[in-house]
Structure formats: structure tokens, C-alpha cells
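For reference, the structure discussed in these notes is given below.
Every heavy atom of this structure was used, including side-chain atoms; hydrogens, water molecules and symmetry mates were not. Chain A is the first sequence line, chain B the second, and so forth, proteins listed ahead of strands; every chain is numbered from 1.
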Amino acid sequence: MDIGNIIDAAFSNAFGPQAIVFALAAIGLNVHFGYTGLLNFGQAGFMAVGAYGLAVTMVRLDLPLLVGVAAGLFASLLLALVLGVPTLRLRADYLAIVTIAAAEILRLVFGAVETKKVFGGSNGLNGFTDTWNDLNPYTGGIDIGIASWGRNDLWAMTVGWIAVALCCLLIWALMRSPWGRVLRSIREDEDAVRSLGKNVFLYKMQALMLGGMIGGLGGIFYALKQASVVPSDYSTNLTFFAYTALLIGGAARVLGPVVGSMIFWFLISGLGEFFSQATSGVDPLIPASIMTDTQASLIRFILMGLGLMLLMIYRPQGIFGDRREIAIDAR
Amino acid sequence: ACGGGDESSDDNDKDVAKGDGEFVVGSLLPQTGSLAFLGPPEFAGVDLAVQEINEAGGVLGKDARHVKGDSGDTDSGIAPAEADKLIKAKADVIVGAASSGVSMTVIDKILGAGVVQYSPANTSTDFDEGKYAEPDLYFRTAPSDVLQGAVMANLLVEDGRQNVAILARQDSYGETLAEQVKSGLEAAGSKVAVTSFYGEKAPSYDAQVDDVAAAKPDAVVLIAFDETKKIIPQLVGKGVGPQDVATYFVDGNVADYSAESFAADLKGVKGTVPGAEATGEFRERLLAIDPKLKDYSYAAESYDAVITSALAAIAAGNDSGEAIASELVEVTKGGEKCTTFKQCADLLADDKDIDYDGVSGPIEMSDTGSPTSASIGIYEYDTKGGYKAVKYIAGDI
Amino acid sequence: MSDAIPTPQTPESERRKHAEGADGAVVRADNLIAGYLPGVNILNGADLYCQPGELVGIIGPNGAGKSTLLKALFGLVKIHSGTVTLKGEEITNKRADVLVSQGIGFVPQTNNVFPSLTIEENLEMGCYQDPSKFKDRFAFVTDLFPTLGQRAKQRAGSLSGGERQMVAMGRALMMDPSVLLLDEPSAGLSPVMQDEVFVQTRKINQAGVSIIMVEQNARRCLQICDRGYVLDQGTTAYSGTGRELSNDPKVIELYLGTLGKQAG
Amino acid sequence: MAETTSPTPGPSASAPASDAPVTGPAIRVRLLDQQGGKAANDPPPVPGVTVSVADDSGSELGSAVTNDQGVAAVAIPGKGTYEVSIDESTLPSGVKLTGKKTLTVKVNLASGQNVAFPLNGKVVEATPFAERLVDSIVSGVKYGLIIALAAMGLSLIFGTTGLTNFSHGELITFGAISAYVLNVTFGLPLILAGLLTIGIGGLFGWGQDRVLWRPLRSRGTGIIAMMIVSIGLGLLLRNLFQFFFGAGTRSYNEYTSQRARDFGLFDLSDKEIAIMGIAIVAIVVTTTIMSRTRLGKAMRAVSDNPALSASSGMRVDGVISSVWTMGAALSALAGVLLGVNSQVNFMMGYQLLLMVFAATVLGGLGTVWGAVIGSLVIGVITEVGPLLGVPSSIKEVGALIVLILILLIRPQGILGRAERIG
Amino acid sequence: MPVDITSAREALAALPNDPGVRKPDPIVVGDDITRTFGGLKAVDVEHIEIQRGVITALIGPNGAGKTTLFNLLTGFDVPDTGSWSFEDNSLAKVPAYKVARLGMVRTFQLTKVLSKLTVIENMRLGATGQRGEKFFPAIVKALWGGQEDEITARADELLTRFKLDAKREDFAGSLSGGQRKLLEMARALMVDPDLIMLDEPMAGVNPALKQSLLGHVKSLRDEGRTVLFVEHDMDMVRDISDWVIVMAQGQIVAEGTPDAVMADQRVIDAYLGAHHDTDLSELNEDELAEQVEAEIDAEESQ
Ligand SMILES: Nc1ncnc2c1ncn2[C@@H]1O[C@H](COP(=O)(O)OP(=O)(O)OP(=O)(O)O)[C@@H](O)[C@H]1O
Ligand SMILES: Nc1ncnc2c1ncn2[C@@H]1O[C@H](COP(=O)(O)OP(=O)(O)OP(=O)(O)O)[C@@H](O)[C@H]1O
Ligand SMILES: CC(C)C[C@H](N)C(=O)O
Ligand SMILES: [Mg+2]
Ligand SMILES: [Mg+2]
């Protein structure tokens, strides 16, 4: 058992590219759900169109990286528009199911044999990271004792954390403004907002687009970091985990999603490493009769499930949330 | 090899990253998911190879190390995370994944990190096409499905099947193997009545099974992983089960079904699996590592993947991924034949050019890193859901 | 209890009045401290009692804690300290359905109907614990509010504000309770219906049901009730007979206003 | 090369091509009379036909005549490309070539290559569309009925507690697995195991409510927070199932593979008929309870307003407990039926969940009849879609698109009711 | 332009007390508005006019269709038939938010407070024409900060008036029933509407506060705004309304000045009851009950 490795895994992932992907996805969700009350369970869909927008542009059309990024962002914006028109007038729980359905439709279509020529079928697309890797100014990885990252990770982290910071800044500026106030009011009661002369649909659409674009950015970043775009990466679980990250940090708080996804990855990786070490090697800490290493790889998800439940039970407002807000929810 | 091992070590030092001196094998093989039944033989193969390498003195003066990773399914998203973990653990070679679909999802990531990806079981033709047709850090010991497809088509024609239905999983493996079987059949004058794909995660296969039944085929080729257990009863239900229509399996589903209630139905089902016949002696060595082994599919290929990459590292005098890749093709062909790690390593120590012939076959690598020839075993099921080899067919790709 | 802002306290005179009069009461609340959030008390030591067969009215400014007091009596708000007794037996923080089986009925101020149930089903819920009474009570309630009988199959969620109020009141009457807690039963009703509610409340009361009602239609409330309380900031600020209170200049100034008087 | 081929299954005892007198690499032609597809499994060989093989430069390597088994073999030098042709004039009368006369064959197998020429090949005679349509509708109804059981469970729980239960799929899986354990591990007959499972499933639901949801409610946890808890619970259970049950797919030891019977326009096996029958009975029982009994009304009352229900003398927790018990029992039954239909797997419920959600929403959240109708619509569209051009590998897409379209027209679902404003 | 209230009243007083009577200077004119729910004709108004610059009360038995009419006029519900205009703009099919922007703002009978916003934020939301409510300007505080301060000042003033200033920083969700009513009304005033439509604004408001709020409503009129309100509190109707419209079973059945309407026997029978001015404690209860019941029967049979 090597405690150092466990710490290293936990910290490296908490600040690594994976956390950035989830931070972006969760910031987008925060705009949707945290501030506007849109129960978007299709964030994976926004991420998928962002990623596929990038990959298809670069792989199939052979256009440069920047065009790919623009295409990805545009695709997620477009999805927001197309999805928003029919769904934004649905009640929250209906919206949740419809957005899941939309995200699943996208994932299935992206992975279908019939669209293989464009989207690459269930293996997805790869081979678009050359420019991205070439731009990498670092020559080697870094090891700071409690964490270490490779050269590619460092580059991804540099770009990624800047993007996260810019997004947070934007959200902060928007949410303290009257615009943000309208969003938060819509979350509470649409009819009341309508009666005060605000075009509720327009605001919801703007929120859907903004959050969707940030989600799309997360997808683009995911694609670059993963060096492949695979439909199954964008399953509903991705959305669930993004929600988890958001709620750990606390919804409707600017830094909630960021801190949330860092903690999420800290725990997931740390636990994963712990159990994999505890069950591997010649003389495992936990003997194979109790738990095989295959079973061990499940433990972190079991614990994550448990953790998520406990968090919601004992601190439903997340790390940054306001207890008073939650009390009002009780029905 | 043509270049010869003698000069290459000097060459490579200039343009190739220097490894850290410890030869680390990461394995990205299925512990979970729909190929989990193939995990044990593959892990055993890797473990056995590492053990023998270390008994023979290790690589570049240090013991080789094995770090395990789970490849899961394509849809479980485990593979990329585990690949990250292996890369972090300073793996020089990652043996895996088993499923072509999973390999596709991690290939750019592993290659981008300068690590060799070396699959013992990927048979999809995708790895010899497009971007991956060029020499890179991807290698495999399993033959492309060009071969399995041809053998399967040949078998079908031999059995007089002229109206074949293919039911395949929709991924890199299923799609390309179905394609190969189909083109093989059509070239040989037979016909494919219908090719139906199902999604990996589909909750029901009714529509696809209906497709197959509606085509009234005289044979069904089922290209599937663990889902086979769900599909067979549905085929039976629709009157196109193995007892109604001749049924053929492939490497993804030739497995022991004796525990299943439909075991008896499988009598007479034939299947193809790439790989030469494993010798009894090799099996015993594997059993010493993992006494519970039942299947041996791809154990030999896994073993050979580790041995060849260790040899390549020694040949390059450098354990970095790029160095290994630069020598991998060379150690498998042209030179003095050798069949065990010790033998080959000794030859290399004498600055000889070697040609490793492994337990999975002669392993002559093409420039794209795939074997150029191999054997495919043909198996047949008995009444109890078990299977045994009927014959082995050798061929080129 | 010495915060920066002094917690409001029930005046000594009221305390004494309570101690003297409360003996033998059906419902009796002593020095209730209760609230919704930890650390924020809405009731700051409220006292109240209701003698058998009495009709007690509670009035007071908005946010004084009137509804909270009723909810506390009925076990819907957590009581931090103080006691509630029913016929001498302590019922502090008891579950609502247990209280119902002991004969207490409650009509909340808001959200007081089941929107997706029909009117008839709403009323049926009123005698959930004893369905055999349904027929009789239903006849009684629809006699009181004929609209309800005519619209028996309409979903309560589509009803107008006043119609809902009738359903809410009707539901409580279905129970045939021995103690009835009413939170603003007349709100939203047309004037004639308001009169009807007050008259009927009085009639029900005279049939032996002890009633505690909160009302903003304060003047009317004080006209029919035997005794009234004025609640302010979670404390019992004044109490007395209806007439005493409606003529008390302090009460008029602070709570009743002069609107009705001027016009009348 | 003496290759051994054992007889293939079924009526077809095909003759091994290796009977041909050639050893070493060869092109072996096998001629069978398909009889227009009628002889699907046992086509008679066509002897006495001449075939010839040429190499890729066009020079003939040899020819041969098919033997009694319809096989003719021509030796070839090794791997390479060859042209194989059939001499049509030697075909017996009544046998016609229905494909190309010459085939270009690339041989890369050491043993050579087998080749066929289609004779009297199948005139496209696939099952008529109408029959396929009916067949699809029937399987759609079956699928829909299974979904309906789970959807009613979901709808009950949502309807009463407002909880969008993302761990509902695991209730389905739980049912399937517990029946598996009873059936396979303890050796009970499946029918008994299934019946017991309904009870165990109900108990599981009851326990879940007792241990988890009731305390949450009494703490005043919000609806959204509870929904997230259900996501966590789902994750937990799914992985626990995998932990103990493994990732593989397993089947019950009875009724697994049952042959369908032909009912004219559609085929159904006995177990499928039983699945539908059981589902219908369960649906009727549930809807009757909901609309006729006091408990049914109480459930709706609690869903509207728990505090007011308590004020009306209901034991709200008791009502919710019965809802969880009923909902979980229904879902467990759905799991058993699904397991009988398509085996048991730790993911089966999760994979079905989206369809269950779609069905519930389509029908109108919280209405039990709506859930049934929504499920049937979803089931039928999923299965019929591929006939109408939805790629069958992604047939769920059809149903999901229809879901979105219907909600466009009726945002409250098919049976849902719009709410009053103001 | 503030209307001279005395002359406006005189002009109204001169009108006949017919349902749907033409007004000298209507701000809202509606024709043939109907709305049915299932078999129930909830609203069936042939002609309605609301006089500009005065306070009009809309009264009628429970279920008469008052709230539904509000919903229709403000675009929250869609009528079966009908057309209506506000300040000569036709409003049929105009979405609710545009109606509000045109200056016609309503409150809800069942309050709709924005629970997780503080009271002051609720108030600020009401203000119209906020520059910071547009996406891009919102990012830069300099563009809207000044306006925000003005809005806040106005909001604070209203809060004080409505005795909600102590609750300024509390979440609106924690207000009592009556306080919510107050907030709802105060927030609607933030819109600065020409016509404000209040649906039972005083239900549940304690009498003393009600009285002081009446003064505020009157001052709205004096600023030149038009007020239309639904109310069951006759003291209030009598005190502040200049004109009263009576609805029953979806139709307008009577109109007139408060005194005239309240003297109308039909209105008394159907709606007010004979005793709305009597002290209940002074009457023999059985006798009273019988009388009240008779009145109710009258209402039902009408
Ligand atoms: N969505 C609906 N579905 C069915 N009936 C409705 C609906 N909305 C209103 N109604 C019916 O229309 C009638 C008019 O209702 P409305 O709310 O307009 O009455 P109101 O005059 O405001 O009454 P109150 O003074 O009690 O608030 C009522 O009988 C009500 O039951
Ligand atoms: N659910 C709640 N959470 C937090 N605070 C609450 C809640 N409900 C009420 N309050 C607070 O408790 C205080 C008393 O509320 P209550 O409803 O008892 O007043 P009330 O006397 O009934 O007033 P009204 O006459 O307006 O109905 C108010 O200040 C209110 O802000
Ligand atoms: C292990 C094997 C069944 C994997 C398969 N040959 C593939 O390429 O996907
Ligand atoms: Mg109150
Ligand atoms: Mg109304």
C-alpha cells in the first residue's frame, strides 16, 4: 500500500483535465438549473455536439483547430435553439425527461452505423489532436510531490483553467446583474415574471444557450483531452456526474461547480486508487476471498453513490449553498 | 531485421525519448463488461510473460513491472480513465484493449502520450486503415478480421450456406467483421440475406431478431460479445435458433455456455477464433499463474505482446514507448529465429538480429503493426454448451 | 434570552389572565416557543386556551404568527418549548393524523384543498378515518354550500378562490370534529358567503364543538366569538371577550382600524 | 488436407466439400439447388456440372465436374487471385444459374477457397410487410406491457411523493435478480420464484422508504435534493448488483428458449403470451386499486398535499409506504418478465429506465392510466420504427422523437391535465 | 395627466346603471369575450369598458368569472371568442409579458412570490425598462448600476409604505400569507403601470394595514393611474371605488356607482346579503341563519 500514490492520484485528478471538463459542464448546468431552474438532464448532449462539431469539422472537413472550436460552440448554440423552441414551455420534470431523450437521440445517432461516414459509428472519431499537441509549449511533465502531471495534461490544464476562470467571471458578472435576477425569478415562478412584463421565453432561451455553450466548450475540451470523440462518452451518466459535481459545490453559486468537480474527482480518484491498491499485489490488504480486484473497481462507484446520497441528506445546499434557501423548498 | 539491432541502439538515442530505465507493462484488459469472460486468460498471459522475463533477468537490467487496468466496455467510459492511470504509472507499453471498440477510444490518448498500445485481441480492420495505416505506436498480435472474415465466409460456403443472415454488434469490431464476412461470401458466390446491427446497450433485440427471422436465412452469423446469452433465446423464440438454422459464432462469443439453460440448443454451432492452437505445455504454464482458467482465447497473444515489446526495448537499449515501437516490427521478422524470451534476449545481448516466433504463431508484423499471417481456429459446440477445436486454418492478411 | 433586539414578551397581565382562566380547557397552550428555522422563533411564548364549547377568535397583524400558532397546536410546526394539551392530555408535537383521530379538525390558510381530486373526493378525504359517516356529513356540507353539491365531480384545482375556500371548510366539517381550528375561513368568500360561514361556525360551535379561529375579518370575528386574542410578534398581546376587544381603543388603533366603523 | 467437418445442425446434413479427390490448396466449388429458397435447410446437390479455374492472367489451371455431393475441386498453386467459372450448358434441366457466371476469388487461406454458384436462387420472397407490421406491433405491445408495469410503479411513486426516481431501473433489476437467485440458486420453479419476487420486491420498496425516503421527508429535504439522492442510490445499487451478480448476462433455468407458435399474422411463444397475460392482469389490478379504493384516493391526496392529507387524518407515511411497496412490487414483476423475455443482467433496469421515463411522461406524469398508454405507445413505436425506416440499431430514437413531438402538442402528456393559472 | 377626480366621478354618476354601459373615456374596451371550461361558461361578457383614471371595483359571487376575466384580459388565458383593447391597442392573442409592458399589470389572487429571492429583489424585479436586463449590457455594471440605485430607492419607499421594510432582506418565501399579498401588490406597482389590476389584494390583510393601504391606492389614482380590483370586502369597495361592475355566472349583471350598486336589490340578494352591515352578535342566530340561507338560495337560483 502506497499512500503517496493515493494522494497523488487524488490531487492530480482534482486539478487535472478531467476536473476541468466537469467544471465546465457543471458551470453550464448551473446557468440552466442553478439560476434559471431549467432541469436540463441533457447536458451530455450539449457536450456531445460541441465535441462532434469540433471533430467532424477537423476530421471530415479537414479544417483547422480554431474553426473546429468555433464549429463546436456554434453547434451547441444551435442545439439550444432547436431544443429550446419546443421544450422551454414544458414543466420542469417534463423538461428533464425530454432533455435526456434529446441527448440520447443525439448519442444514438452519432453512434449509428448508418451515420458512420460522418460521425464514425460507435468508435467515434479520432485523429484531430495534432494541432492541439503541436501548440503545447511544455517540454515535459511536472511532479510537485503530492501531484504530478504529464506534458499533455499540463497543456490541457493551462488552457482549461483559463477557460474555467473566464466562464466564472462571466457568470459572476451576469448573475449579479438585473439579467441574472430575472433568471432567478423565472426559477421561482414564471407566471409572476410574465405578469411583470418580462419575456420569459427569451430569457430561458438565453440561459439555455449560454449554459449550452459552456457545456459545449466542456465537450470540446473533453474531446481534445480524450483525443477521441466516442458516443458512449456522452451518456446520461455524464450529465448525472456533472450534476453531482454541481451539487457538491452548491447550485446557484459562481464557484460551486468548480469546487464541486474538484472534490468529485479528488474523491473518485483517491478512492479508486485506494481500493485498487488494497486488492492488488501479492498480499493484498483485502484478500481476494472478500473482494477481487474486479469488484474493487466497483467500490468507488458504490461509495460515490453513497457519498452523493449522504451529501444530499446532510448538506443539500452543497459546500457554498445557503441553508435558508433549502428550508424554503420543503414541502 | 534488415536494419540490424547493432546500429539501431545508437541511432535511436538521438531522435527518440529516453525511457526511465524501468520496463513497465500496463494492461488495459476487460475485468468488467461484456468481454469480462476473456479477461482471465489475457491477464494470465501478461502475468506469465512478465514472470518469465524477470526470471530471465528482466529488461535492461531491471525487473519488468505489470500495472493492471480495466478496459470495461465502450459505454462504461472506464477505459480512458484507466488509460490515464496507466500512463501516469509510467507504463511504456499498454497491452490492450481487447475490444476494438474500446481500443479506438483510447488510441490517440495513449499514442499521444508516447506510449505503445499493443492489443492482443483487436481484430477490427480499422487499425490498418486511414490514419492508423501508417507506422505509429499501435501494434497488435491478433490478426485483422480480413482473415477471420475470409475463414468464416469460406466455412459458410463449405457448409453450403447461400442465404446468410448476419446479426452483429454495432462497433468497430462488429461492423468490420460483418463487412468482411459479407464481402467474402459475395466474392465466393454466396449471398447475405440481411445484416442487422444492434446497439451495444440496447434493452431489447426484438427488432433485429425479427429482421433476421423475416429474411428466412439458411444460416445465422452472430457477431456478439456477452449479449449472446440474451440473443440466443430470442432467436430460438422466433424460430431461427441454432436448432432451426445453422448458427455461427466468432471470437467475441465463442465461450463456455455450459451454465446456460440454452446450452443444449447450441449443439452443432460452429465458431471461429483467431489464434493458433495453444500447446498443452503453454496451458500448464498459464494454469500455474491462474488455476481457475477455463478459456484460453487470446492468452497466447497477450503473452507474445509482452515478450515482443520487452525484446524491442532490449533491442533499442531504451524502454521508452517510442524506442520500443521503433524496434517492434524488427524483432518479429528477419533474423535468427528464437522462441523464448531468454533465448531471444541472449541473442540480442550478442548483438544479433532476431526473429521471435511466439506461442500464438510466427508473428510477422507488417509495417502498420499487425500480423501478416495467422491461424484461425474453427470450433464446434457439443450438447453441453462446451466447445472444442475442429481444425485450424492458416492464412495471410 | 437576551438578544441584541429584545425578544417580545407576553405581558404579565396576560400571563395572569391565562393562568386564571385556563383550568379545565379543552385546548390549552402554555408559553409556546416555536419556529420554522433553527434559531428563528416565530412564537415567543404564546399562551392560549379554549374552554369546552367556546368559540375563540385570534386576530393580529400580518406575520404575527397566527397561522403558526394554529399549526403548532396541530403538530405541523415544531414546538421548541412549551406545552399543548387536549382535554388535559399533553399532545405537544404529536402527529397530525393522531390528533385527527382524537377529534381535532384543521383548515389551513393556504393550500387547503387537494387540487387533483374532485370536490366529492376532497370531502371524502375529510372523513378518511371513518368513511361510514360520509353520506350524512356529505348531505350536511352540501346543504351548507350548495355549489359543492352541484359541482361534486369538478376537480378542486380548477375552482375559483372562493369555491376552494368552501371546499376547505367543507372538508373539515366532514370530520365532525370536537375541536375545530380554522385559519381565515372567510378569506376570499363573497360577503353573503362570509356571513354564512360566520353564522354556521357559530351554529356548529353551539352544537358543542370548540372552535379556535384566526380571522382578518376581525370585526366580524369578534362579533361572534366568545373570547378573542390579539397576537403580536408571536406573543399574546391582548385577550378578552369579543366586545371588550372590539371596543378597546388600543386594539382598534393597532389592529382593527376604523374602516368598517366609518362607513357603517 | 483432410479436414474434418461434423454435420451441421438441423435437418441439413451437408456433405463435406473435402470429399473431393484433391488435397492441398484448391478451389472447391459446391453446387446446391436452392429451389427458389424453398429448400432453405436442405438443398439437394447438383452433380455433373463442369467448373473451371483460371489464374489472374487468364490462363486456365484446370476444370472439374461436380460429384454426387455437388462438389468439384480444382487444385491451385497457392495464394493468389483466381477466376472461377461455371459451364452453364452442363447444368441439368430445370436448374438455372441465378448469379454471375464467373467469380473472381482472392485466395489467402492456405487450404484454398470454397466457392458456390447460386442455382435456382431465392426469388426475393421475404415476409410480406403486413405480416411484419403485425408482428412488430405484437412485439411492441409485449415490450410496452413490460414497460407499463415499471412505468406504473414510477408514476405511483412520482404521483404520491413528487420524486422523479432515477433509481427506478434498479427496482426492475432487483426483481429480475431476486427471481434469478430463487430460481437458479435455490432451485425453486420460476413461477413460484416470480410470485415470491413480487413480495420481495414490495418489501424492498417498503424498506427503501422506511430507511431512506421517510427520514428524508421528515427532515424536509427538497424534491430536487431527493432526486439527486435517487441518482446516487441508483449508482450504488447498480454497482452493488454488479459486485454480487457479476457483469455477465444469465438466464433463468426454465422457459429461456421457447419456440414461437404461428398464429397466422404473428408468431408468439407461450412465454410471451404468459408475459402479456400477467402484465395485463397486474395492470388491471393496479388501476382498479387506484380508482376504486380509499387507498387509491389517499395516494392522490397525498401527492397533492401531504400536510393537508395529514390534517385530514391520513397517516401520510403509511400511504407513502404502501405506494413504495406497490410501485416496487410492480417494478420487480416487470423485472421478472423482462428477465424471462431477455435474460438477466445487472444493467437491464437502467437500460430500460429512459423508456420507462419516456412512457410515463408521454402519458402524463402521475397518472397511472397515462403510464399504461404511454408505455404501449412507446413500445409499439420502438418496434415498428425499423419497418418505417428508423435504423434498427438505434430503434429507440423513433420512440424518443415521437415523445418530443407529442409533448409539443400536449405539453402535459396524453392524459395529463393543464394547471389553472391565477 | 392626472384626471380631475371629482369631474370624472360626476361624469360617471350621470351614466345609466346598465351592464356594459359606455364610459366617457375608457382605457379598456372589450367585446364578446367568452371562455368555457368543459360545459361551464366561466366568462361571457358582451361589452365591458373601464373608465380611465378612476378606481373600478369588480365584484360578484364566488366563481362568477372575475379571475378568469383577469386572466383573459392580461393574456394568461386564451378566450374562445372576443376582442379587447387597452389604450386602443388590440390585445387579443398578445402574450402576457407584452400586455404588462404596455402598462396593464395584474396581481394574482393566489399569490406568486419569488420565494428564493429576497423581498427587495422581488421589488427590483418589478421595475421596467432596466438596461441591465439585456444580456450584453448586463455584463458591465457601469451600464446599469445607476439605474439600479434609483430602482432600489423607489422600492424601499414602497416597502416602507407596505410595512415590509423590516423584511427587506428576508426571502420572500418566508413571508406570512398576508405579507405575500402586500409584496405582490407592491411589486406590481414597481412596474409603474397605467392600469393596475388587483385580484383580491386585501384578502388576508389585517384591517389596520388595509386602511392605510387604501390611502395608497387612492394616491395611485391621484397620480393618474387607473385601478381595477376584485374584492369581497365591501367596506373597501365602498370606501375607495368610483365605479363598480358586478359579475355573476360569467356575465356582467350590473354596473354603477358604489352606492347605487349596493342598493340594487339584485346585488344584495345575490351577493351582499341583507346583513352585511349587521352586527352578528346582536341577532338571534336561528333567525339569522334562516335568512342567510334564503339569500344563498337566491344566489344559487339566479
Ligand atoms: N381551468 C379551469 N377548468 C375548469 N373550470 C374552471 C377553470 N378555471 C376556472 N374555472 C371555473 O370557472 C368559474 C369562474 O372562476 P373564477 O376563478 O373566474 O371565479 P372568481 O369570480 O374569480 O371567483 P372568486 O371570487 O371565488 O375568486 C368557476 O366556477 C371555476 O370553477
Ligand atoms: N415556512 C416558513 N418558513 C420560514 N418562516 C416562515 C414560514 N412561514 C411563516 N414564516 C414566518 O413566520 C412569521 C409568522 O407567519 P404566520 O404565517 O404565522 O403569520 P400570520 O399571523 O398567520 O399572518 P397572516 O395574517 O398574514 O396570515 C412570518 O414573519 C413569516 O415570515
Ligand atoms: C476479445 C475479442 C472478442 C475482441 C474482438 N476481436 C475485437 O476486436 O473487438
Ligand atoms: Mg396566517
Ligand atoms: Mg377569483
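- A 4.5 Å side-chain heavy-atom check between D:Leu237 and D:Gln208 finds at least one atom pair inside the cut-off.
- Salt bridge A:Arg184/A:Glu188: absent, no basic N to carboxylate O contact under 4.0 Å.
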Return all side-chain donor-acceptor pairs below 3.5 angstrom for residues 370-377 of chain D, not counting sequence neighbours, or 'none' if the list is empty.
{"residue": "D:Ser375", "atom": "OG", "partner": "D:Ala148", "partner atom": "N", "Å": "3.4"}
{"residue": "D:Ser375", "atom": "OG", "partner": "D:Ala371", "partner atom": "O", "Å": "2.6"}

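- Taking a cutoff of 4.0 Å between a charged side-chain nitrogen and a carboxylate oxygen, A:Arg194 and A:Asp189 do not qualify as a salt bridge.
- Comparing D:Leu212, D:Leu407, D:Leu403 by heavy-atom pairs within less than 4.5 Å of chain A, the highest count is held by D:Leu407.
- Note on D:Leu354, D:Ile404, D:Ile228, D:Thr360: by heavy-atom pairs under 4.5 Å with chain A, the leading option is D:Ile228.
- The side-chain heavy atoms of D:Val390 and D:Ile401, taken from C-beta on, include no pair separated by under 4.5 Å.
- Contact count against chain D (heavy-atom pairs under 4.5 Å) is highest for A:Ile105 among A:Ile105, A:Leu39, A:Val98, A:Thr115.
- Within the 4.5 angstrom heavy-atom criterion, only side-chain atoms of D:Leu216, from C-beta onward, approach chain A.
- Proximity to chain D (any heavy atom under 4.5 Å) is shown, for A:Val85, by neither the backbone nor the side chain.
- If you measure heavy-atom distances from D:Arg217 to chain A, you find no contacts under 4.5 Å at all.
- When each of D:Phe346, D:Tyr180, D:Phe174 is tested with D:Phe245 by the rule ring-ring contact (aromatic ring centres under 6.0 Å, His included), just one qualifies, namely D:Tyr180.
- A donor-acceptor pair shorter than 3.5 Å can be found between the side chains of D:Tyr350 and A:Asn237.
- A:Leu271 places none of its side-chain heavy atoms less than 4.5 Å from the side chain of A:Ile299.
- Each of A:Tyr94, A:Phe240, A:Tyr243 has some count of heavy-atom pairs under 4.5 Å with chain D, and the biggest count is that of A:Tyr94.
- Using a 4.5 Å cut-off between heavy atoms, D:Leu240 contacts chain A through both its backbone and its side chain.
- Both the backbone and the side chain of D:Ala225 come within contact range of chain A, with heavy atoms under 4.5 Å apart.
- Neither the backbone nor the side chain of D:Met226 has a heavy atom closer than 4.5 Å to any heavy atom of chain A.
- If you measure heavy-atom distances from A:Ile302 to chain D, the contacts under 4.5 Å come from both the backbone and the side chain.
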